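Please read the structure below before turning to the comments.
Keep in mind that what you see is a predicted model, and the values were worked out from it rather than measured.
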Amino acid sequence: MILLAVDTSGPNGSLALAHVLGKAPEIRQVSWAKRAIHSEIATVQLGQLLAEGKTDLHEITHFAVNVGPGSFTGLRVGISLVKALAYSLAKPVVTVNTLECLAFKNSSMGDLVFVATKAVQNFFYAATYENTQAGLIERQPPQAVDGINLSKLSKGSTKVLIEGQTAGFLATTEGKDLVELLASTGYSRTFSA
């Protein structure tokens with residue numbers, strides 16, 4: 001499997017190209033800071049990534065994309081890029097949500113992780129996941145939450161990650177994070193056409 005993962009959910013964007021030969025994928029990634037807009041940079045970076053990875057666009061077998069929560073415009077760019085490529089190449093796509101990706105990359109086996117990212121004003125997007133041998137299990141679905149209710153919702157969690165409140169927690173994801181999350185489940189998620 002050759003997987004292209006796209007993450008334009010935040011101020012930085014990234015594309016990861018993963019050659020999956022076993023459990024540990026070989027990942028090559030390009031990232032950029034949002035000096036301009038993602039739509040001006042993403043396709044140029046895709047060409048660079050494919051050239052560096054000595055991969056032809058037609059060799060990609062699967063796509064993954066971060067669908068948020070995140071920047072509306074950034075998400076639109078990433079989703080549109082993946083939809084266009086997947087449709088034109090007739091390849092399947094899997095979506096990954098930002099909160100799940102953050103919970104995975106910031107937890108260990110056995111953790112019950114509450115993760116919340118800033119929305120607008122005093123609102124957050126929040127969810128709870130359990131990191132198990134079978135992968136992340138959603139224990140509390142993603143939802144919009146008033147900042148006042150964060151402590152109530154996070155009760156019982158062994159790890160609490162709140163953007164702007166938890167020291168050292170960066171609420172950012174990259175394409176390689178999507179690949180690593182998918183790899184943790186043995187790519188068992190359903191890819192849709």
Side-chain angles (χ1 to χ4, degrees), residues 1-32 34 37-106 115 117 125 127 129 131 134-138 141-143 171-193:
M1 171 191 321
I2 299 178
L3 171 69
L4 177 68
V6 177
D7 192 329
T8 54
S9 63
N12 298 323
S14 64
L15 305 170
L17 187 64
H19 291 262
V20 180
L21 306 169
K23 282 208 167 208
E26 176 189 310
I27 304 171
R28 182 178 301 274
Q29 178 172 281
V30 291
S31 303
W32 61 90
K34 191 175 174 182
I37 55 177
H38 291 311
S39 61
E40 294 174 349
I41 301 169
T43 53
V44 172
Q45 292 293 332
L46 175 59
Q48 178 186 332
L49 179 64
L50 292 172
E52 287 175 5
K54 296 181 174 73
T55 304
D56 184 80
L57 185 61
H58 291 69
E59 293 177 88
I60 296 172
T61 60
H62 295 77
F63 292 91
V65 63
N66 186 334
V67 293
S71 154
F72 173 76
T73 302
L75 292 170
R76 190 183 70 201
V77 169
I79 293 167
S80 295
L81 175 63
V82 167
K83 281 180 75 172
L85 291 170
Y87 179 77
S88 65
L89 298 170
K91 303 297 181 183
V93 176
V94 68
T95 60
V96 176
N97 120 15
T98 304
L99 298 173
E100 178 184 23
C101 200
L102 288 169
F104 176 75
K105 84 179 222 177
N106 291 287
V115 62
T117 59
Y125 298 113
Y129 298 91
N131 193 333
L136 281 184
I137 297 174
E138 183 182 280
Q143 57 190 293
T172 59
T173 57
E174 300 178 297
K176 70 179 179 63
D177 298 328
L178 279 66
V179 174
E180 290 167 357
L181 172 62
L182 295 170
S184 75
T185 63
Y187 305 95
S188 62
R189 284 198 174 179
T190 304
F191 285 78
S192 59

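Partners of K105 by salt bridge (charged side-chain N to carboxylate O under 4.0 Å, His left out), not counting sequence neighbours, listed by chain and number: D177. In this structure, the side-chain contact (heavy atoms from CB on, under 4.5 Å) partners of A127, at least two apart in sequence or on a different chain, are L99, Y129, P142. With sequence neighbours excluded, no residue forms a side-chain hydrogen bond (donor to acceptor under 3.5 Å, both in side chains) with S14. Legend: residues meeting side-chain contact (heavy atoms from CB on, under 4.5 Å) with A171, ordered by chain and number and at least two apart, are L102, T117, E163, F169. Checked against side-chain contact (heavy atoms from CB on, under 4.5 Å), V44 has no partners two or more places apart in sequence or in another chain. Considering only residues two or more places apart in sequence or on other chains, N131 meets the side-chain hydrogen bond (donor to acceptor under 3.5 Å, both in side chains) condition with S107. The side-chain hydrogen bond (donor to acceptor under 3.5 Å, both in side chains) test applied to Q29 returns S31, E174, not counting sequence neighbours. By the side-chain hydrogen bond (donor to acceptor under 3.5 Å, both in side chains) test, T8 pairs with no residue at all, sequence neighbours left out. With sequence neighbours left out, E180 forms a salt bridge (charged side-chain N to carboxylate O under 4.0 Å, His left out) with no residue at all. Residues that satisfy the side-chain contact (heavy atoms from CB on, under 4.5 Å) test with T185, not counting sequence neighbours, are S188.
Residue pairs meeting the side chain to side chain donor-acceptor pair (under 3.5 Å) criterion with at least one member in residues 49-58, sequence neighbours excluded, are H19-T55, Q48-E52, D56-H58.
When all heavy atoms of T61 and P92 are compared, the closest pair comes out as O-CD, 3.3 Å. Here the closest non-hydrogen pair linking N66 and I79 is O-CG1, 4.4 Å. Of all non-hydrogen atoms in P25 and V20, the two that sit nearest each other are CB-CG2, 4.1 Å. V6 approaches L178 most closely through the heavy-atom pair O-CD2, 3.8 Å.
Note that CG of L17 and CG of L49 are 5.0 Å apart. Values are rounded to the nearest 0.5 Å.
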